[in-house]
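Keep in mind the model is a prediction, meaning the values are calculated, not measured. Just so you know, these numbers use all the heavy atoms, side chains as well, and skip hydrogens, waters and symmetry mates. Note on naming: letters A, B, ... go to the chains in the order of the sequence lines (proteins, then strands), and numbering restarts at 1 for each one.
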Protein chains: 2
Amino acid sequence: MSVEERAPLTRERVLAAAMRVVDAEGIKALTMRRLGAELGVEAMSLYHHLPGKEALLDGLADALIAEIQAEAALRVDAAGWKERLRQTFLAARVVMLRHPWAPGMLGARTTVPARLFAYYDGIVGTMTGGGLSHRLAHRAVHAFGTMALGFTQELFRPEAAGGAADVDAAEADLTAMAAALPHLTAMVAAEAHDAADPVLGWCDGQTEFEFTLALILDGLERGAAGQR
Amino acid sequence: MSVEERAPLTRERVLAAAMRVVDAEGIKALTMRRLGAELGVEAMSLYHHLPGKEALLDGLADALIAEIQAEAALRVDAAGWKERLRQTFLAARVVMLRHPWAPGMLGARTTVPARLFAYYDGIVGTMTGGGLSHRLAHRAVHAFGTMALGFTQELFRPEAAGGAADVDAAEADLTAMAAALPHLTAMVAAEAHDAADPVLGWCDGQTEFEFTLALILDGLERGAAGQR
DNA sequence: ACCTGAACACCGTTCAAGT
DNA sequence: ACCTGAACACCGTTCAAGT
């Protein structure tokens, strides 16, 4: 189907095709047979360029880290460690928003993409270069958690396929919900009221991401002041 | 194999058996056929008590939240919102350490376990009851992220099956690594030196968990003071 | 009503055979 | 060296049949 159908297969072409499939159809669609079809080839041919499905996913994870590094290189231009980290993590978030399948895929992985070490090395270097101790830099890496990859771990993010019937049912016993979940109901009522702009309003990911980021960065800054 | 082999199948017995299988053999071992065998029954019989595999995993997630709630009920006895949250999240962590498969399983889930709403309702109630605004409580819920479920999202946690050959290979070009990853190498050297007790030493999860928890709780407390 | 056996439509992967 | 077709050992799930 694609232009380069007749070109010889390489590891790079296989990974590029995998990225295309997964961006267009999601991670579940990425089967060896489907990927073979994308390249105009039998599934078995892929094994000459990658040892198996695990290696394919490893390669995909690695390609994603590379894209995050590239995006950060384009954007990070500040001098201070705090602002540099902020820019780094916001760049990572942009990449993750381009690939909605990525958080779940990375979370399910048990092996470390080789490129991740180099990526984190740069982050640690930014902190120690800014005067943070190795101990505080170490703690910071853990505190940021998945933030360095562009997402706070929002478990159970809402699905694209919403059930209209469920919404109706939910509305029907909204009063029952208010009784069972008084604090959540009150919070939604108070917060939704303030959300004039739907993009910046209720549970907007960007707002929450930046709040958490600032919270942790400010806390580290205070810790860095205390360590002297 | 089990004592209750002849008792009639119920949804509860199926879920209890699933929890047994997954605790003993991991999430990959949980197939409909394997679960049937655990109960001395054909795989197809399970469909009379659960609609399918998705519902089985939903049930497992729900049972896990229930266990977290029960553990918290046993332990949380403080008066202030800050200490109550600290105890709540440490209780959740204990449950997660009992079920190492749980973080990955919850992270892969796309639907929300019903019980999670009630669990978060209690957490929000603790904060608003302590004087935090709905806005700050909302931001806090996002900032805590998976901490309420007992884990910071440590992507790529080390596997149980370690490759000795890989360790040897890694040692062989340790100098090469030091050149390629100078900041990480320096951090490991500095931090590992201080780690007299291996349990409390390098990358101990409990230490990192409590550091991040305190960082966020302190930041919220400051935010709560600022909101008046 | 509950459980079964055979079958269906998929997977990842092995292997002998082609070119 | 690279690709193929058939096959193997699995999955979740359907369905007609048993009791």
Checklist entry - In terms of side-chain heavy atoms of H49(A), which of dC3(C), dG5(C), dC3(D) is nearest? => result dC3(D)

Checklist entry - Which nucleotide in the list dT4(D), dT4(C), dC3(D) gets nearest to the side chain of H48(B)? => result dT4(C)

Item to check | Polar side chain donor-acceptor pair, H49(A) to E12(A), under 3.5 angstrom | outcome: no

Checklist entry - Tell me: CZ of R13(A) to P of dC2(D), nearest whole Å? => result 14 Å

Next on the checklist: Please report the distance, rounded to the nearest Å, between CG in L30(A) and C1' in dG12(C).
Outcome noted: 12 Å

Checklist entry - Can you tell me if the side-chain N/O atoms of S45(B) get under 4.0 Å from OP1 or OP2 in dC2(C)? => result no

Checklist entry - In whole angstroms, how far is the C1' atom of dC3(C) from the CE atom of M32(B)? => result 14 Å

Next on the checklist: Rounding to an integer number of Å, can you tell me how far E42(B) CD sits from dA16(D) P?
Outcome noted: 19 Å

Checklist entry - Between dG12(D), dT4(D), dG12(C), which nucleotide has the shortest distance from any of its atoms to the side chain of K53(B)? => result dG12(D)

Next on the checklist: Just to be sure I understand the rule, does T31(B) reach a base, reach only the sugar-phosphate, or reach nothing, if contact means heavy atoms closer than 4.0 Å?
Outcome noted: sugar-phosphate

Checklist entry - Taking the side chain of R33(B) as heavy atoms from C-beta outward, which of dC11(C), dG12(D), dC3(C) is closest to it? => result dG12(D)

Next on the checklist: If the threshold is 4.0 Å, N to carboxylate O, is there a salt bridge linking R20(B) and E25(B)?
Outcome noted: no

Checklist entry - Counting side-chain heavy atoms from C-beta on, which of dT4(C), dG12(D), dT4(D) comes nearest to M44(A)? => result dT4(D)

Checklist entry - Are the aromatic ring centres of H134(A) and H138(A) under 6.0 angstrom apart? => result no

Checklist entry - Atom CZ of R11(A) and atom P of dC2(D): how far apart are they, to the nearest Å? => result 15 Å

Next on the checklist: Regarding E210(A) and R86(A), does a basic nitrogen lie under 4.0 Å from an acidic carboxylate oxygen?
Outcome noted: yes

Checklist entry - OP1, OP2 of dT14(C) versus side-chain N and O of Y47(A): anything below 4.0 Å? => result no

Checklist entry - Given atom NZ of K28(A) and atom C1' of dC10(C), what is their separation to the nearest angstrom? => result 11 Å

